[in-house]
A.B. asks: 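This is the structure, below, for whatever I ask next.
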Amino acid sequence: GDSVTQMEGPVTLSEEAFLTINCTYTATGYPSLFWYVQYPGEGLQLLLKATKADDKGSNKGFEATYRKETTSFHLEKGSVQVSDSAVYFCALGDTNAGKSTFGDGTTLTVKP
Amino acid sequence: GAVVSQHPSRVICKSGTSVKIECRSLDFQATTMFWYRQFPKQSLMLMATSNEGSKATYEQGVEKDKFLINHASLTLSTLTVTSAHPEDSSFYICSARTESYGYTFGSGTRLTVV
């Protein structure tokens, strides 16, 4: 079945540091790929997405590129802020069935 | 577009009682909704797929008699946790998929059973 493997956390960075959170996936067919962010006590918010190979999703300074050859969708940001502290989930969406498969989440803490 | 409204956001109930969680699609029709459960510091696990006008499809290991799902209209799906126990305390999130906007999630319900 489909699966998502996400870099283990927690990750602690200083403000303005470079962020990479690795994500690889296993899927049949051609899923869409997503990054979600969850702030403490809140639900999920879509951060960015990519629907086909070589697509780059971007939002709020975050980027991720859908790499079919390496089955990866790594999240990057050039300069993190304290407000980026949250849990980040990589996910794939089954286009046909409509359900999502999530990675285990990576907790990011950014210190001033 | 494609907003899913989930209520309540937090609920505390006594052990043995039932709790209903609602998810409404505000600006689109959701023929299918998905219910997820998230334990503290863990990922989201799919519990069931809710289909309008038919029985829900439950994932392996999820008790259908305990987690009752009703999807009576194209804009409303409900999850009822029956005879709740402390081990049912969790964060429950619904989701829907639309052709235009992709996947959208509700804001989640934090259930605490005391």
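Numbered from 1 within each chain, the chains take letters A, B, ... in sequence-line order.
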A.B. asks: Are the aromatic rings of Phe102(A) and Phe105(B) close, with centres under 6.0 Å apart?
C.D. replies: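 Yes, the ring of Phe102(A) comes within the 6.0 Å limit of the ring of Phe105(B), centre to centre.
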A.B. asks: Output yes when a side-chain donor or acceptor of Ser43(B) lies under 3.5 Å from a complementary backbone atom of Gly105(A), and no otherwise.
C.D. replies: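 Between the backbone of Gly105(A) and the side chain of Ser43(B) there is no qualifying donor-acceptor contact (under 3.5 Å).
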A.B. asks: Please classify the contact between Gln6(B) and chain A as side chain, backbone, both or neither, with a heavy-atom cut-off of under 4.5 Å.
C.D. replies: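 Interface part for Gln6(B): neither.
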A.B. asks: Tell me, please, which residues at least two apart from Tyr92(B) pass ring pair (Phe, Tyr, Trp, His ring centres under 6.0 Å).
C.D. replies: none
A.B. asks: Under 6.0 Å from the CE atom of Met45(B), do we count more than 12 heavy atoms belonging to anything else shown?
C.D. replies: no
A.B. asks: Which bit of Gln38(A) is near chain B, if near means a heavy-atom gap under 4.5 Å: side chain, backbone, both or neither?
C.D. replies: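 Only the side chain of Gln38(A) comes within 4.5 Å of chain B.
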A.B. asks: So for atom CD, which belongs to Glu16(A), do other residues, nucleotides or ligands contribute more than 12 heavy atoms lying within a distance under 6.0 Å?
C.D. replies: no
A.B. asks: For residues 45-71 of chain B, which residue pairs qualify under salt bridge (charged side-chain N to carboxylate O under 4.0 Å, His left out), counting only residues two or more places apart or in two chains?
C.D. replies: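 For residues 45-71 of chain B: Lys66(B)-Asp88(B).
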A.B. asks: When you group the ILVMFWY residues by side-chain heavy-atom contacts below 4.5 Å and let the links chain together, are Leu33(A) and Val4(A) in the same group?
C.D. replies: yes
A.B. asks: Return yes when atom CD1 of Ile12(B) has more than 12 non-hydrogen atoms of other residues, nucleotides or ligands closer than 6.0 Å, and no otherwise.
C.D. replies: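 Check fails, neighbour count at 12 or below.
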A.B. asks: Look at Arg10(B), Gln38(B), Arg110(B) and state which one has the largest set of heavy-atom pairs under 4.5 Å with chain A.
C.D. replies: Gln38(B)
A.B. asks: Answer yes or no: is there a side-chain heavy-atom contact under 4.5 Å between Leu46(A) and Thr104(B)?
C.D. replies: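 Leu46(A) does not reach Thr104(B) side chain to side chain.
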A.B. asks: Is it the backbone or the side chain of Leu46(B) that comes under 4.5 Å from a heavy atom of chain A, or both, or neither?
C.D. replies: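 The answer is the side chain of Leu46(B).
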